[in-house]
There are 2 protein chains.
Amino acid sequence: MPRPPSTMRRHILDSALRLFAEHGFKGASLHDIAAEAHCSKASLLYHFASKDAMLTELLTPPAESLRALSEELAALDGDQAVEPAVRGYVGLAMRFHLEIKIIFAELPDMLGHPVLAVIPRAVDQLADALAGRSDRPRARVMAQMVIGGVAVTVAADVDVEQDMMRAELTQGALRTLGRSTS
Amino acid sequence: MPRPPSTMRRHILDSALRLFAEHGFKGASLHDIAAEAHCSKASLLYHFASKDAMLTELLTPPAESLRALSEELAALDGDQAVEPAVRGYVGLAMRFHLEIKIIFAELPDMLGHPVLAVIPRAVDQLADALAGRSDRPRARVMAQMVIGGVAVTVAADVDVEQDMMRAELTQGALRTLGRSTS
DNA sequence: ACCGTAGCTGACCGATCGGTCAGAGGTTTG
DNA sequence: CAAACCTCTGACCGATCGGTCAGCTACGGT
């Protein structure tokens, strides 16, 4: 019973995202994804060149968004960058929370993945903006703490409304960085 | 050339910890661990009943410490619990940063592991203490953010001295929670 | 000198992994 | 109608996984 042509591919990708987020990239096998998508394992590899190609397609949008954000932030200096950095990062994290879950589930290996090659540099720039262009250890630890705290909180399934979550994450991050939250 | 009796077991465990922290539990094979420990794969399974038994032995101390901390915190109420919770959690995180790296590398599956069965309840109590016994969404988000931020920062290899790191993590966490850092 | 046992190993096992391939079935095109 | 094509599948493949097992070596007790 073949489905209409274009839907299956998207359907497979959705199933893969759900399973990757729940069990990690290694933890979700092609067999599992095929079962979730109600198709054969061979069908997965008809629509995608490899398991890795699925991951690449899933992680490209968040990686590109992060790269774009870090580029915008690079144009601002010092104090002006902090709040946009916080708001931008919180927004990204919430939009791509499932993709973040994948990355956290496989962090060590994942950072070697080509599609995430932009991350170290982008995160460095983000941390630089969060630290208000300061290179003191304190600022760097704080930036790391904000990046980690936001990512983990968003990846966890905390039962809080989205707007509330966004507001609290933003204010919490600014407080962590020592900025008053007017 | 057999080594003196008791050293090999500890040597294997050290190798396993290093590789698990670097590549995750699934990502590090018995073959890899054997190579790192300069012994045969069969030798690993002479000293340990299974790969899982190695993980259990590695994660038991941090799991037990977390349980003990949450028990101490349960005896304190409201405001009195916040600072001990912060200091206790930061201390644990720094002491067991490699073990935390393992858990982060495999978070989804890991939480189903028997030896980590204590974590959900202990983390709930820790979050409760961090939130000053408040059940408002804001306090819960902040607690999650602190727990995540500290864990990620410690698991990352930030090039900062240990005492500096501890002080900054503690003050940062208190700021995130909205406490003044005198 | 003999034996029992602890430490360790190479060879091997079944299971599962990601991936390949020839071809079935349906739709579109000439 | 037939040829070309897209979608999808069952059967199969080599590699790698965690784990087993018979047996080798060295040493301590008697």
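Each chain gets a letter, A, B and so on, in the order the sequences are listed, and its residues count up from 1.
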Checklist entry - Quick one: on DNA chain D, does A:Leu44 or A:Lys41 contact a more 5' nucleotide (nearest heavy atom)? => result A:Leu44
Checklist entry - Atom CD1 of A:Ile12 to atom P of D:dT7: distance rounded to whole Å? => result 11 Å
Next on the checklist: Rounded to whole Å, how long is the line connecting atom CZ of A:Arg9 with atom P of D:dC8?
Outcome noted: 12 Å
Checklist entry - Any ion pair linking A:Arg18 and A:Glu22 (charged N to carboxylate O, less than 4.0 Å)? => result no
Next on the checklist: Nearest whole Å is fine: how far is C:dG18 C1' from A:Phe25 CZ?
Outcome noted: 10 Å
Item to check | Selected nucleotide, minimal atom distance to A:Tyr46 side chain, candidates C:dC8, C:dG19, D:dC8 | outcome: D:dC8
Item to check | Whole-Å distance separating the NZ atom of A:Lys26 from the P atom of D:dG18 | outcome: 11 Å
Checklist outcome for this item: Between A:Met145 and B:Thr153, the two heavy atoms sitting closest are CA-OG1, 3.1 Å
Checklist entry - Under 4.0 angstrom, heavy atoms only, what part of the nucleic acid is A:Ser43 near: base, sugar-phosphate, or nothing? => result base
Next on the checklist: Strictly below 4.0 Å: does B:Ser40 bring a side-chain N or O up to OP1 or OP2 of C:dC8?
Outcome noted: no
Next on the checklist: Whether B:Lys51 engages the ring of B:Phe25 as a cation-pi pair (distance to the six-membered ring centre under 6.0 angstrom, angle to the ring normal within 45°) should be assessed.
Outcome noted: yes
Checklist entry - For A:His47 and D:dC6, is the shortest distance between a side-chain N/O and OP1 or OP2 below 4.0 Å? => result no
Checklist outcome for this item: Heavy-atom nearest pair, B:Glu71 first then B:Gln125, reads N-OE1, 4.4 Å
Next on the checklist: Could you tell me how far apart A:His23 (NE2) and C:dC17 (C1') are, to the nearest whole angstrom?
Outcome noted: 16 Å
Next on the checklist: Rounded to whole Å, how long is the line connecting atom CG of A:Leu30 with atom P of D:dC12?
Outcome noted: 20 Å
Item to check | Atom pair distance, as rounded to whole Å: CZ in B:Arg10 and C1' in C:dG7 | outcome: 19 Å
Item to check | Residue pair A:Leu177 / A:Leu130, side-chain heavy-atom distance below 4.5 Å | outcome: yes
Checklist entry - Which one, D:dG19, C:dG10, C:dG19, comes nearest to the side chain of B:Ala42? => result C:dG10
Next on the checklist: Looking at D:dG18, I'd like to know if its phosphate oxygens (OP1 or OP2) sit under 4.0 Å from a side-chain N or O belonging to B:Ser50.
Outcome noted: no
Checklist entry - Between atom CG in A:Leu45 and atom P in C:dC17, what is the gap in whole Å? => result 14 Å
